[in-house]
Amino acid sequence: MHAFHRLRLPELGGGILLAILGGCITPPPPITGEAGVRAAMPFVVPGETTREALLLRFGPPSWTFEDGRILTWRLQREDAGEILPKVRVSFGKIPWSYGLVVIFDAHGLVARFNLMEIG
C-alpha cells in the first residue's frame, strides 16, 4: 500500500483556482488628502466626537501621550474599505495600515485628528 495520496484533477484544479483568485484581490485605494480622511472617518468630528465614542469603536489605544490628551490607534483598512483596529492578518486579506492620532480638548472632545498610512 502506498503512503502517498494521489490528487485527482478536480482537487488539483480547485487548489489552483483558489491560488489564482487569492492573487486577484484588489485593495481599496489609499486614503489621501483631507477629503479622503473625512470620507474614511465620518464618525470623527472635531468638537463633537467624544473620547468615549472612539474608545468604544476602536478599543484601548495603541499609545497614549500627555496624560491621555493624545491617543493613537493602529488601524487597518480591509479589502472592502472598512477601517478596523489592527489585528493579525488572515489569509487572503490585503490590509492597509494606518495610524490614527487624536488630540482631545479639556472636555474630552476631539480637537484635531489625523490618519496616516504607516505601512
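For clarity, every value in this text was computed on a predicted model and none was experimentally measured. Only this structure's heavy atoms are used, side chains among them; waters, hydrogens and symmetry mates stay out.
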When rounded to the nearest 0.5 angstrom, what is the spacing between [atom1] in [X] and [atom2] in [Y]?
| X | Y | atom1 | atom2 | result |
| --- | --- | --- | --- | --- |
| Asn114 | Tyr98 | CG | OH | 12.0 Å |
| Thr72 | Met116 | OG1 | CE | 8.0 Å |
| Arg112 | Asp105 | CZ | CG | 11.5 Å |
| Leu56 | Arg51 | CG | CZ | 12.5 Å |
| Leu71 | Leu100 | CG | CG | 9.0 Å |

Quiz item: Can Ile103 be reached from Val37 by stepping across I, L, V, M, F, W or Y side chains whose heavy atoms are under 4.5 Å apart?
Solution: no
Self-check item: Trp73-Phe65 co-clustered via ILVMFWY side chain contacts under 4.5 Å
Solution: no
Is the shortest heavy-atom distance from the side chain of [X] to the side chain of [Y] under 4.5 Å?
| X | Y | value |
| --- | --- | --- |
| Val102 | Met41 | no |
| Thr64 | Ile70 | no |
| Leu55 | Pro61 | yes |

Quiz item: Can you tell me if Thr49 uses its side chain to pair, donor with acceptor, with the backbone of Phe43 under 3.5 Å?
Solution: yes
Practice problem: Mind running side chain to side chain contact (heavy atoms under 4.5 Å, CB included) on Val101 and Phe113 for me, showing each step along the way? | Solution: CA-CA 5 Å; Val101 179; Phe113 75 98; over 6 Å; no
Quiz item: Which atom pair, heavy atoms only, marks the closest approach of Ala111 to Pro46?
Solution: O-CB, 3.7 Å
Self-check item: Stepwise side chain to side chain contact (heavy atoms under 4.5 Å, CB included) check, Ser97 with Arg74
Solution: CA-CA 7 Å; Ser97 293; Arg74 183 120 190 230; 4.0 Å; yes
Quiz item: Is Arg69 close enough and on-axis enough to Phe104, meaning under 6.0 Å and within 45°, for cation-pi?
Solution: no
